[in-house]
Amino acid sequence: MKILGDHLLKPTIIQETNSYLKMSRQLAEVAPDCCFVYTNGQLLEIRKCNSCHEPSEIMKIISMVDSDSFGNYLIMRDIAHGMNKPRIIDLKLGTRTHSDFISEEKKALHIRKSALTTTSSLGIRLCGARFTGKHDRQETQWTKGLGKTMSNEKFWNAMKIFFDIPQTQKFSVIRQLLKIRAVIESSPTHRYFGCSILIIIDDEEECHVHTKLIDFASMARSEVDTPQYEDVDEGAMMGVNNLLQILNA
């Protein structure tokens, strides 16, 4: 939900609000700009931006949309704000998409779904996209359902269509992906389960290119009373590397 002109109010679960509260500075640099989280009836400041409004205004909005006032919300900068013609794609990252804290039945369902899609073979899967075609000028929309039916070849071809953009913008995406890869490499105790790569490119302003790591509700860390992880998240690395390979090709 767009609020206060240039912010978004995202309903979420407590696991994602906790991910933002515990997020390292390095990870925060490649994640959306989260100004506040609302959890357990409290509005907590994360990294308030220069254009942020008074917390009281945000609390009024939350009280209007949440009658119980005990939900969980993220208050984030809208990175597409001010773009004239945004080209948007959401790509599910990694070879595993489920969290550590769901039932065995749900885990089995996630594993079966992953095995049948590019999640298992490429470490990345289309979740959705919207853009205007370069040649036919028609608006194209790709759904999550389409992404689940794609073979590796169809996924590569779809990426070639989406990334039919100026070379300078392509280089910007590559630079930002390399930064995301560096963050994943430097956090061996983290697992980016369920995270996505969000890419937003303005077709009318070449300098407006944003590549972010998003959706941290299922993310895992080696903490007390949680499963322990060592070494780099190879599934997430595989996805980033394959996307880089497509862009470089």
Side-chain angles (χ1 to χ4, degrees), residues 1-86 88-93 97-102 106 127-128 130 144 176 179-180 183 187 190-202 205 208-221 223-226:
M1 177 181 177
K2 191 145 185 172
I3 62 170
L4 306 172
D6 57 354
H7 282 67
L8 298 173
L9 180 69
K10 177 189 175 183
T12 186
I13 58 176
I14 193 166
Q15 286 84 353
E16 186 164 35
T17 57
N18 285 341
S19 287
Y20 274 96
L21 288 168
K22 297 175 182 179
M23 191 172 283
S24 67
R25 183 177 295 275
Q26 189 181 24
L27 178 54
E29 288 179 358
V30 298
D33 294 331
C34 186
C35 302
F36 297 91
V37 300
Y38 179 80
T39 184
N40 295 323
Q42 290 184 299
L43 187 70
L44 305 174
E45 184 176 322
I46 301 292
R47 280 169 290 276
K48 188 177 174 182
C49 69
N50 292 333
S51 65
C52 261
H53 296 248
E54 285 300 313
S56 58
E57 292 183 63
I58 297 170
M59 288 297 290
K60 283 180 189 175
I61 293 167
I62 291 171
S63 65
M64 287 185 342
V65 300
D66 186 355
S67 57
D68 294 328
S69 293
F70 280 97
N72 288 273
Y73 296 91
L74 306 177
I75 296 88
M76 304 183 291
R77 290 293 305 274
D78 176 10
I79 58 174
H81 180 74
M83 288 192 180
N84 295 313
K85 192 184 286 184
I88 305 170
I89 195 164
D90 182 330
L91 299 165
K92 184 66 69 179
L93 181 65
T97 60
H98 62 274
S99 80
D100 288 316
F101 304 105
I102 58 174
K106 286 186 176 179
C127 269
R130 191 180 70 203
K144 184 185 293 188
Q176 293 171 34
K179 191 172 181 181
I180 289 173
V183 170
S187 53
H190 289 52
R191 289 295 179 271
Y192 295 90
F193 305 144
C195 290
S196 289
I197 292 175
L198 176 69
I199 302 171
I200 305 182
I201 300 161
D202 193 341
E205 292 287 341
H208 291 167
V209 178
H210 299 288
T211 307
K212 296 288 184 179
L213 194 60
I214 66 169
D215 294 341
F216 300 99
S218 299
M219 182 179 175
R221 295 176 179 81
E223 298 177 316
V224 177
D225 298 325
T226 67

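Every heavy atom of this structure was used, including side-chain atoms; hydrogens, water molecules and symmetry mates were not. Nothing here was measured: the structure is a model prediction, and the numbers come from that model.
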Check against side-chain contact (heavy atoms from CB on, under 4.5 Å), F193 and H98: CA-CA 6 Å; F193 305 144; H98 62 274; over 6 Å; no
Could you walk me through whether H7 and C52 satisfy the side-chain contact (heavy atoms from CB on, under 4.5 Å) test, starting with their C-alpha distance in whole Å, then the side-chain angles of each, then the deciding distance to 0.1 Å, before giving a yes or no? CA-CA 8 Å; H7 282 67; C52 261; 3.5 Å; yes
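Heavy-atom minimum distance, T226 versus E223: OG1-O, 2.7 Å. Closest approach of C195 and F216 over heavy atoms only: SG-CD2, 3.6 Å. The two residues A217 and Q15 come nearest to each other via the heavy atoms O-CB, 3.3 Å. The heavy-atom pair separating I75 from I3 by the smallest distance is CG2-CD1, 4.4 Å. Scanning both residues, L213 and I180, for their nearest heavy atoms gives N-CD1, 4.0 Å. The shortest heavy-atom contact between R221 and S19 is NH2-O, 3.2 Å.
Under a 3.5 Å cut-off, the side chain of R130 and the backbone N or O of P86 do not form any donor-acceptor pair. With hydrogens and angles ignored, the 3.5 Å screen pairs no side-chain donor or acceptor of S196 with any backbone N or O of L198. Using a distance-only test at 3.5 Å, with no hydrogens or angles considered, a donor-acceptor pair links the side chain of D202 to the main chain of K85. Put simply, the side chain of T17 never gets that close to the backbone of T39: no donor and acceptor are under 3.5 Å apart. Counting only distance, with no hydrogens or angles, the side chain of D66 and the backbone of G71 share a donor-acceptor pair below 3.5 Å. For K92 (side chain) and G194 (main-chain N/O), a donor-acceptor pair under 3.5 Å exists by modelled atom type.
Distance CG/L9 to CG/D78: 12.5 Å, rounded to 0.5 Å. The structure places CD1 of I201 at 6.0 Å from CD1 of I199, a figure rounded to the nearest 0.5 Å. Interatomic distance, CD1 of I214 versus SG of C34, reported as 13.0 Å (0.5 Å rounding). If you take CD1 on I61 and OG on S56, they are separated by 10.0 Å, rounding to the nearest 0.5 Å. Interatomic distance, L8 CG to H81 NE2, rounded to the nearest 0.5 Å: 10.5 Å.
With contacts defined as side-chain heavy-atom distances shorter than 4.5 Å, the pair H190/M219 qualifies. Side-chain contact between R77 and S51: present, with at least one pair of heavy atoms (C-beta onward) separated by less than 4.5 Å. Using a 4.5 Å heavy-atom threshold, the side chains of I13 and N72 count as separate.
The number of heavy atoms from other shown groups lying within 6.0 Å of NZ (K106) does not exceed 12. For K48, the NZ atom is densely surrounded, since the number of other residues' heavy atoms within 6.0 Å is greater than 12.
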Please tabulate, one pair per line, all N/O donor-acceptor pairs under 3.5 Å involving side-chain atoms of residues 23-31, not counting sequence neighbours.
from, atom 1, to, atom 2, distance (Å)
S24, OG, L27, N, 3.1
Q26, OE1, S186, OG, 2.9
Q26, NE2, S186, OG, 3.2

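Among L74, D33, V37, the one residue that satisfies the side chain to side chain contact (heavy atoms under 4.5 Å, CB included) test with I46 is V37.
Below 30°, between 30° and 60°, or above 60°: for Y38 and Y73 the angle between ring planes is between 30° and 60°, a tilted geometry.
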